[in-house]
Amino acid sequence: MGACLFKALEIKPEFVSIGGDKRFIVAAVEAPSAGDAISEQIAQALKENCIAVVWPELTVSPDLRENIVKLIRDRDVSDALEAPEILIPGTWHETTNHGIVNRAGSTTAMARSA
C-alpha cells in the first residue's frame with residue numbers, strides 16, 4: 001500500500017452556518033508541487049507494485065483527481081507493471097442534489113479499465 005502527501009499544501013476553506021452550526025467546505029487547495037508529486041507517487045506505486053494508493057482527505061481537488069486517473073490510464077501498455085487495485089485520491093466536498101457531501105472519487109474502476 002502507498003500513502004501519498006504533498007509539500008507546501010494550503011487548504012482554502014469557506015465557512016458557513018447551517019442551522020446554527022458553523023461548518024466549512026474546502027473551496028480550493030494550493031499545492032504548487034502537487035502535479036509533479038502525483039507523477040512521482042504513481043511511478044513509485046507502480047514500481048513497488050502497490051495494491052492500494054491513498055491520498056489524505058480534502059487534499060485532492062477534482063482536477064488533481066483527473067490527473068491521477070490519466071496517469072494510470074496513459075501508462076505504457078507494454079509496461080509489465082500493474083495498476084493498483086484501488087486508488088483513493090482523498091475526498092472532496094462536492095455539491096449534489098442533497099447538498100454538499102464529502103466523497104472519495106470512484107477511480108478504482110477507471111484505473112483498472114486501463
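- Evaluation of the side chain to side chain contact (heavy atoms under 4.5 Å, CB included) rule for T95 yields I100 as partners, not counting sequence neighbours.
- Annotation: ring-ring contact (aromatic ring centres under 6.0 Å, His included) contacts involving residues 29-51, sequence neighbours excluded, are absent.
- Between K70 atom NZ and I68 atom CD1 the span is 13.5 Å, to the nearest 0.5 Å.
- Every pair passing salt bridge (Lys or Arg N to Asp or Glu O under 4.0 Å) that includes a residue from residues 9-21 is listed here, sequence neighbours excluded: E10-K12, K12-E30, D21-R23.
- Applying the salt bridge (charged side-chain N to carboxylate O under 4.0 Å, His left out) test to K47 and every residue at least two apart in sequence or in another chain returns nothing.
- Looking at L9 and V29, their side chains come closer than 4.5 Å, going by heavy atoms from C-beta outward.
- Cluster annotation: V60 is not connected to L5 through the hydrophobic network of ILVMFWY side chains, with a link wherever side-chain heavy atoms come within less than 4.5 Å.
- Listed by chain and residue number, Q44 satisfy the side-chain hydrogen bond (donor to acceptor under 3.5 Å, both in side chains) test with E48 (two or more places apart in sequence, or in another chain).
- A single hydrophobic cluster is seen to contain both W92 and I11, as judged by linkage of ILVMFWY side chains at heavy-atom distances under 4.5 Å, directly or through other members.
- Summarising the geometry, atom CD belonging to E40 is positioned 8.5 Å from atom OG belonging to S33; distances are rounded to the nearest 0.5 Å.
- In this structure the side chain of I18 reaches within 4.5 angstrom of the side chain of V16, judged on heavy atoms.
- We find the SG-CD1 distance between C4 and I88 to be 11.0 Å, quoted to the nearest 0.5 Å.
- Counting only heavy atoms from C-beta outward, the side chains of L46 and P84 approach each other to under 4.5 Å.
- Listed by first and then second residue, the ring-ring contact (aromatic ring centres under 6.0 Å, His included) pairs that reach into residues 27-54 come to none, sequence neighbours excluded.
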Name each donor-acceptor pair under 3.5 Å that joins a side chain in residues 50-59 to protein atoms two or more places apart or in another chain, with its distance.
{"unit_1": "W55", "atom_1": "NE1", "unit_2": "Q41", "atom_2": "OE1", "d": "2.8"}
{"unit_1": "E57", "atom_1": "OE2", "unit_2": "N102", "atom_2": "ND2", "d": "2.6"}
{"unit_1": "T59", "atom_1": "OG1", "unit_2": "P56", "atom_2": "O", "d": "2.7"}

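- By the 30° and 60° cut-offs, the orientation of the rings of F15 relative to F24 is tilted.
- Here L71 contributes atom CG and I38 contributes atom CD1; the two are 7.5 Å apart, rounded to the nearest 0.5 Å.
- For the atom pair CG (D74) and CD1 (I42), the distance works out to 11.5 Å, reported to the nearest 0.5 Å.
- Proximity of a side-chain donor or acceptor of S17 to a complementary backbone N or O of G20 within less than 3.5 Å is not detected.
- Across R103 and R65, no two heavy atoms sit closer than the pair O-NH2, 4.0 Å.
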